[in-house]
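Each chain gets a letter, A, B and so on, in the order its sequence line appears, and its residues count up from 1.
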2 protein chains.
Amino acid sequence: MPAKRSELATWRREQIIDSAMSVFGGKGVDAASMKDVAMAAGVTQGLLYHYFAGKEALVVAVIAERGFLPELRRLLSAAADRPASEVLPEVVAGFDKLLTARTPLLGMFLSGAHGNPKIRAGLEAVIAEGQRLLGEYLTARVAAGELHEHEPSAVAQMLLCSSLVTAVMGLSSDPRAKTSILIHGLAAT
Amino acid sequence: MPAKRSELATWRREQIIDSAMSVFGGKGVDAASMKDVAMAAGVTQGLLYHYFAGKEALVVAVIAERGFLPELRRLLSAAADRPASEVLPEVVAGFDKLLTARTPLLGMFLSGAHGNPKIRAGLEAVIAEGQRLLGEYLTARVAAGELHEHEPSAVAQMLLCSSLVTAVMGLSSDPRAKTSILIHGLAAT
DNA sequence: GCTGACTGACTAACCAGTCAATGAATAGAG
DNA sequence: CTCTATTCATTGACTGGTTAGTCAGTCAGC
């Protein structure tokens with residue numbers, strides 16, 4: 001907790017966002033009260049409204065400033081000239097790690113996606129961007145002759161969605177098995 | 001609305017469960033109030049507590065009596081002697097249809113899975129059962145010589161989870177593309 | 001006459017959000 | 001460097017509205 005007032009304000013803001021992420025993720029946005037967030041942050045409820053216009057604004061701040069998008073973009077900027085057999089397991093394992101490292105945020109996305117339009121839009125953006133970037137890579141590998149023609153969005157959906165659900169449910173995910181099956185197929189030779 | 005009192009009680013109970021499913025699914029369990037459910041059912045709030053011990057009991061009743069499990073079992077009792085190239089697209093398309101036909105229930109599962117243990121257990125059961133039944137079928141097809149040795153749970157996860165997420169988000173799912181990629185693989189020949 | 005489905009008014013607790021008061025850090029004047 | 005004025009992070013008590021849940025009483029079917 002900084003003594004300087006100029007640093008204090010930004011520090012406190014970040015701290016409230018972190019507390020909100022953990023509380024919203026743990027109980028769900030609707031079940032969590034502003035009092036819960038205030039207690040988690042160790043401040044009074046009134047102070048929350050000094051930093052954020054309301055509950056909705058706090059939710060938006062969490063999504064905007066703790067969202068998955070930046071890391072997802074970095075992860076999926078896969079070198080288009082490296083083979084899928086190397087890149088895909090890496091990408092899936094990285095995505096799994098990204099999600100499990102921020103389970104509160106993931107819980108908040110999932111619990112709010114059906115009722116809260118802002119949260120839904122945030123989740124939609126993550127899925128759409130993941131699908132787009134992974135699709136671009138796959139198309140490049142088709143052009144390179146490594147993969148044959150296929151529907152890239154179907155592959156992206158299968159990989160990203162299974163990582164998403166396994167992370168939410170706490171199931172074990174096996175990136176290497178998944179990508180190996182996708183590349184070589186199930187059919188007996 | 002039956003006139004006979006013997007039929008009335010069971011009819012009313014079913015009606016309340018249906019209303020609860022739609023209300024809980026639409027707003028999320030936490031955001032939906034018992035008053036909302038009562039209004040949707042066209043009865044007073046007091047009557048809800050005549051039929052159900054509380055909100056939690058109503059949630060449990062919706063899961064137990066409107067859950068996906070029976071239909072999922074019927075769908076996945078795939079004839080083990082039919083080829084995967086036929087069966088898998090059918091199963092995935094059927095699962096998609098099952099989920100999109102009951103979006104309220106699906107919304108209720110997703111919104112509550114992270115905060116409500118009862119709902120989480122219900123969703124876990126659906127995924128575990130789906131993974132088990134689909135895994136059994138795939139193992140049978142390996143024994144039949146159609147497919148080579150692989151990790152069945154990885155395939156089940158990819159198919160079921162992608163259907164789940166696409167249904168929740170209202171995205172388009174292409175069962176034939178997905179299963180075709182899984183069976184024949186992405187690698188160029 | 002009795003059972004039980006049903007009502008509507010009730011409670012205590014909790015909700016998001018407001019606001020006047022406080023006091024410590026800070027900036028400016030001398 | 002010191003005194004003072006101002007700013008602003010912070011508090012805690014407050015409001016109007018909503019929540020889950022209760023209960024005494026009503027009335028129709030048996």
Worksheet item: About how many Å separate CD of A:Glu124 and CD1 of A:Ile119, when rounded to the nearest 0.5 Å?
Response: 12.5 Å

Worksheet item: What is the distance from CD of B:Glu56 to C1' of D:dG21, rounded to the nearest Å?
Response: 14 Å

Item to complete: Could you state the atom-to-atom distance from CG of A:Asp36 to C1' of D:dT19 in whole Å?
Response: 15 Å

Fill in: A:Glu7 and A:Arg12 ion-paired at < 4.0 Å
no

Worksheet entry | Interatomic distance, A:Arg5 CZ vs D:dA9 C1' [rounded to whole Å] | 7 Å

Practice prompt. Check the distance between D:dT11's P and A:Met39's CE and give it to me in whole angstrom.
Written response: 14 Å

Worksheet item: Could you give the CE-to-P distance, from B:Met34 to C:dA12, as a whole number of Å?
Response: 20 Å

Worksheet item: With distance as the sole criterion, is a donor-acceptor pair present between the side chains of A:Lys27 and A:Ser111 under 3.5 Å?
Response: no

Worksheet item: Do any side-chain nitrogens or oxygens of B:Tyr49 fall under 4.0 Å of OP1 or OP2 in D:dC23?
Response: no

Discussion item. For C:dC15 and A:Ser33 - does any side-chain N or O of the residue sit under 4.0 Å from the phosphate oxygens OP1/OP2?
Written reply: yes

Practice prompt. Answer with base, sugar-phosphate or nothing: what part of the nucleic acid does B:Ala32 contact at a heavy-atom distance below 4.0 Å?
Written response: sugar-phosphate

Fill in: Nearest-nucleotide comparison on DNA chain C, the residue closer to the 5′ end among A:Leu47 and B:His50
B:His50

Practice prompt. Measure the distance from OH on B:Tyr51 to P on C:dT7 and round it to the nearest whole Å.
Written response: 10 Å

Discussion item. Within this structure, what is the CG-CD distance for the pair A:Asp174 and B:Glu151, rounded to the nearest 0.5 Å?
Written reply: 6.5 Å

Fill in: Nucleic acid contacts of residues 8-19 of chain A, taken as heavy-atom distances under 4.0 Å to DNA chain C
none

Discussion item. What I want to check is whether an N or O donor and acceptor connect the side chain of B:Gln45 with the base of D:dG21 at under 3.5 Å.
Written reply: yes

Fill in: Nearest-0.5 Å distance that lies between atom NZ in A:Lys178 and atom CG in A:Leu182
9.5 Å

Practice prompt. Take atom NZ of A:Lys4 and atom P of D:dA9, then tell me their distance rounded to the nearest Å.
Written response: 16 Å

Discussion item. Just to be sure I understand the rule, does B:Gly54 reach a base, reach only the sugar-phosphate, or reach nothing, if contact means heavy atoms closer than 4.0 Å?
Written reply: sugar-phosphate

Worksheet item: How close or far is atom P of D:dT22 from atom CZ of B:Phe52, stated in whole angstroms?
Response: 15 Å

Worksheet entry | Crowding at CZ, B:Arg82 (>12 non-hydrogen neighbours, <6.0 Å) | yes

Discussion item. Same cluster or not: B:Leu134 versus A:Leu171, using hydrophobic residues (I, L, V, M, F, W, Y) connected whenever any side-chain heavy atoms lie under 4.5 Å apart?
Written reply: yes

